[in-house]
Amino acid sequence: MTTPRVDIPFDRYHDYDAMTEHLSALATAFPKLMKLQSIGTTHRGRDIWAVTLTNPDTGPESDKPGFYLDAQIHAEEHATSAVALYAVWHLLHAYGEDDEVTRLLDRQAVYVLPRINPDGAEYALQPPFFPWCGNGRYAPGEERETGLIPTDLDGDGYITTMRVPDPKGEWKKSEQDPRLMVQRAPGEEGGEYYRLYPEGPIRDYDGAHVVIEKPRDGNLNRNFPANWSNVEYGAFEAALSEPESRAVARFILDRPNIAGMNAYHTHGGIILRPSMTQPDETMPPRDLALYEEIGKVGESLTGYPTVSIYEEFTPDKSKPRHGGLMDWTYEQMGIVSFGTEVWDLEREAGVEKTAYYNLHPRDDETQAKVFAWVLENVGEHGFRDWTPFEHPQLGPVEVGGMVYIWTYRNPPPALLEKLCHDNVRFCVRHALAAPRIEIDDVDARPLADGLYEVRAVISNHGYLPTNLTDVALERELAVPVEVELKAGDGSTLESPATVEIGHLAGRNERRFPWSPWGPEWTANAVPATWIVRASAGTSLEIEARSERGGVARATVAVASAQ
Ligand SMILES: [Zn+2]
């Protein structure tokens, strides 16, 4: 039998129908390894797809540690969906060829949600191009009630920027290149100045101040239960009020075997880790250490450094982000959770990184580097020449500038495949760090005629402990490992069938050679014993169960005393 192959072009962005077609083709070509299901329906009636990948011959998905990967919760972040589709494609095609991938699908289950927000994504993929964020509850143009409504005024298929001559303006044309806009210095007078606004008409204009409302269709990644707050922009009516966040939450809650996760975003070229709301000093030190260790693997494979959202990605510490998915899965489920922000236009253009979340205006030199790169690699899809336009409320303006969604937010499609590959390889390594329960040794020692002591050693062969994180222990979220001897025909148990053995350490605990000043080591292998009455030759089954570390089974045959 020849190995099936499905060709998917990864040098372009796929709309919803194309993505659905590719997923269906993969599911048809790999019916054993892949399951495709809809986990919910959006406001505009689209299915939210979920993919499960595992080799069922080695056990059902629920008996294996799971890894969860999702993409495009934010409408405009098209590169993320490419990463997720590539993950499905790569894992299926590398299975049997690549040792790590083969091990992953044999021993574990991988869950991929390739496009959480398909309604918003579809708006953001079709002209007029604009960085939409919402989820389709409101169509573009309906998401604001008053003030400036982002609209393609000049009909070129892009919603860009208006530069409006104004003596009060904060901006001026760069002396190096009049297409670039730079900030006017404090105290500076005597030049031609401008104000910059998104392209669009102004409803209820008072002739003085241009109101720009925050869109009321929100941000799905503020709609999760952890620290949900109604004062956060984009939080919606209540936690899990939206069909997409509900579907995601249900999917995760129904899979208590999930041991690791990565949610994909653009942009910045960084791997984000918790917390969204707290400084690192409040995180359990062992959790911080394991985030740093796994994060280093991520950096070596992707080139992206790993940083805390609160410490290094929150410009105003008095305004932390609430209701994020990653805080929910880490703080309230104890899952090791990352959020990767793929793509960094400035780094690609040769600009030195000075901050991970950088809202500062860029100087002439930085803008010129980025602009030259965009003209060469994206062309007019990335920059629209400034064009005079008679604005219905503001009079003569110019419309043009950088097309944010196809420059800063998403790479040119030719760069996608490598970005996808590197990021998926990090997922593979992170997934393989899961705890993994094994039954190392079993024997049945005769005590008297027909009476035996059965002993099994239950071990964790994984990098992470069976509780995954200390947060899971502190909040009593982690389910202890248990092991059961199943007495069948010809045997009777004289001791309890199920033995609770607590949690088993992972390799991550022993990062240094033993020292009396170092942290205490805990057991990663524990014996369990039972007393059983059985006739010689009876076969007994032992099953060890860890919620996050999988299920292991072994059999032992009792023999009569010599
Ligand atoms: Zn995002």
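In this text the structure is predicted, and so the values were computed from the model without any measurement. Note that ligands are numbered from 1 as they come in the structure, with each ligand's atoms numbered from 1 the same way. All residue numbers in this chain count up from 1 along the given sequence.
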*His265, N/O/S atom nearest the Zn ion (ligand 1)*: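 When I compare the N, O and S atoms of His265, ND1 is nearest to the Zn ion (ligand 1).
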*Which of the N/O/S atoms in His74 sits closest to the Zn ion (ligand 1)?*
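When I compare the N, O and S atoms of His74, ND1 is nearest to the Zn ion (ligand 1).
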*Glu77 N/O/S atom closer than 2.8 Å to the Zn ion (ligand 1)*: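 An N, O or S atom of Glu77 is closer than 2.8 Å to the Zn ion (ligand 1), so yes.
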_Polar side-chain atom of Asn219 near backbone of Ala235 as donor-acceptor pair, under 3.5 Å_ =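 Checked: no pair found.
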*Can you say whether the rings of Tyr86 and Trp89 are parallel (under 30°), tilted (30 to 60°) or perpendicular (over 60°)?*
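Tyr86 and Trp89: tilted rings.
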_Tell me whether the rings of Tyr158 and Phe129 are parallel (<30°), tilted (30 to 60°) or perpendicular (>60°)._
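Tilted, since the angle between the ring planes falls between 30° and 60°.
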*Output the distance between atom CG (Leu104) and atom CZ (Arg429), rounded to the nearest 0.5 Å.*
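Answer rounded to 0.5 Å: 12.0 Å.
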